[in-house]
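Accompanying notes for the structure given below.
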Amino acid sequence: MNAPGIKAEAPESHGRTLVIATGNAGKLREITEVLGALGIAIVPFVPEGLAETGRSFVENALIKARHAALHTGRPALADDSGLEVDALQGAPGIYSARYAGEGASDGDNVARLLTEMADVPDERRSARFHCLLAYLRDPEDPVPLIAHGVWEGRVLHAPRGTNGFGYDPVFYVPSHGCSAAELAPGVKNRLSHRGQALRRLHRMLDASLKIDNGGHGYPSPAGIPSPSTLTNRPLRSPLAPGPPGEG
Ligand code: ITT
């Protein structure tokens, strides 16, 4: 029987379920849509109060995934992402979520970006989103799966559109002649850094499942705690055996 609160019963999910470590509702929406279309149900885990002390996207993604794997006792996936602006020597980069300071809102961050870019002419406004995904089978996993996606664009002079989140209203998408916040969610996911990385990770998980059945791959839904039980408290030692019935 499936754990309560888990969407694993949905026929299209084929029982594949992943813990996602994020406190960002916009990311969660996009990840749920992409992985849902690939038949994977999502169990969110909010890594509250966790310091992202890495110096790179990949380090921060690993910190978040390891934290979630430790505190849920399950394999976990995390996304670290951000906007790299050439005229700002790569800023805000890994500091994108707190560009205007700790606890800054999306609006605060966009406002600071537009201020910093006020005197930058059109031809020097190139930028790109990066998304690094890290997947760990357990907190000690020595071979995490890492997937990277990049989305090229330009920084607009003023916000446009209301979809998406973060810097989407000021990220111009040349292929579609509009901002990322003017794209329908499905279109953004087809083009975006996150959509690319998620589809890559999905292929890696499937390939890994074929090679070392029982190594990487999707956990069985049995024994996955319900979302309400996913907290920062460790459910069990990472070295303790899993719930009965799991190999
Ligand atoms: P979690 O760590 O809990 O996942 P976070 O928002 O703190 O949430 P990051 O540290 O990875 O996540 O920071 C990512 C920031 O980069 C995010 O807050 C946005 O400001 C920006 N960003 C990332 N992807 C984006 C996207 O698709 N569209 C717009 N902005 C994006």
Side-chain angles (χ1 to χ4, degrees), residues 7-8 10-14 16-44 57-58 60-61 64-65 76-86 92-94 96-97 106 109-110 113 125-135 145-156 158-209 216-218:
K7 287 197 260 165
E12 70 278 12
S13 78
H14 304 297
R16 297 186 299 177
T17 307
L18 278 183
V19 170
I20 308 292
T22 183
N24 183 316
K27 273 188 194 178
L28 183 63
R29 214 168 34 239
E30 294 181 4
I31 292 170
T32 302
E33 182 185 301
V34 175
L35 292 185
L38 294 168
I40 300 157
I42 299 305
V43 178
F57 293 114
V58 71
N60 284 336
K64 289 184 269 191
L77 175 67
D79 162 321
D80 201 67
S81 44
L83 183 66
E84 179 187 41
V85 179
D86 294 325
I94 63 167
S96 292
D106 286 349
N109 289 329
V110 165
L113 178 64
R125 297 182 77 91
S126 53
R128 62 209 55 80
F129 278 120
H130 291 278
C131 174
L132 261 296
L133 297 175
Y135 172 88
L145 297 183
I146 304 291
H148 181 202
V150 188
W151 195 19
E152 292 286 342
R154 288 206 302 274
V155 178
L156 287 163
R160 283 169 52 175
T162 54
N163 293 334
F165 67 98
Y167 298 90
D168 281 342
V170 290
F171 185 76
Y172 181 75
V173 182
S175 60
H176 286 59
C178 64
S179 80
E182 293 175 308
L183 294 173
V187 176
K188 181 185 171 189
N189 270 335
R190 273 208 304 281
L191 304 170
S192 79
H193 50 314
R194 183 164 297 103
Q196 296 170 35
L198 284 165
R199 288 185 290 274
R200 269 179 203 135
L201 187 91
H202 177 251
R203 286 195 294 273
M204 292 163 90
L205 278 165
D206 270 356
S208 166
L209 195 61
H216 283 106
Y218 302 99

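Quantities reported herein were computed from a predicted structural model and do not represent experimental measurements.
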Considering only heavy atoms from C-beta outward, does the side chain of [X] approach that of [Y] to under 4.5 Å?
X: Arg203; Y: Arg199; value: yes
X: Leu183; Y: Cys178; value: yes
X: Asn163; Y: Lys188; value: no
X: Leu35; Y: Ile20; value: yes
X: Arg194; Y: Trp151; value: no
X: Phe129; Y: Asp168; value: yes
X: His193; Y: Val150; value: no

[atom1]-[atom2] distance between [X] and [Y], expressed to the nearest 0.5 angstrom:
X: Tyr172; Y: Glu152; atom1: OH; atom2: CD; value: 14.5 Å
X: Thr32; Y: Leu18; atom1: OG1; atom2: CG; value: 10.5 Å
X: Arg29; Y: Asn24; atom1: CZ; atom2: CG; value: 8.5 Å
X: Tyr135; Y: Leu205; atom1: OH; atom2: CG; value: 5.5 Å
X: Leu156; Y: Glu182; atom1: CG; atom2: CD; value: 8.0 Å
X: Leu198; Y: Leu77; atom1: CG; atom2: CG; value: 7.0 Å

Between [X] and [Y], which heavy-atom pair has the shortest distance, and what is it?
X: Ala197; Y: Gly149; value: CB-N, 3.7 Å
X: Ala65; Y: Ala134; value: CB-O, 3.6 Å
X: Ser179; Y: Val173; value: C-CG2, 4.1 Å
X: Ser96; Y: Gly93; value: OG-O, 2.6 Å
X: Ala61; Y: Ala78; value: O-CB, 3.4 Å
X: Glu33; Y: Asn189; value: OE2-ND2, 3.1 Å

For the backbone of [Y] and the side chain of [X], can you confirm whether one donor and one acceptor N or O come within less than 3.5 Å of each other?
X: Glu84; Y: Pro92; value: no
X: Glu30; Y: Gly195; value: no
X: Arg200; Y: His148; value: yes
X: Arg16; Y: Leu38; value: yes

Worksheet entry | Residue among Val19, Leu28, Ile31, Thr22 satisfying side-chain contact (heavy atoms from CB on, under 4.5 Å) with Pro44 | Leu28
Worksheet item: Do the charged groups of Arg128 and Asp86 touch, with an N to O distance under 4.0 Å?
Response: yes
Fill in: Derivation and outcome, side-chain contact (heavy atoms from CB on, under 4.5 Å), residues Leu113 and Leu83
CA-CA 10 Å; Leu113 178 64; Leu83 183 66; 3.8 Å; yes
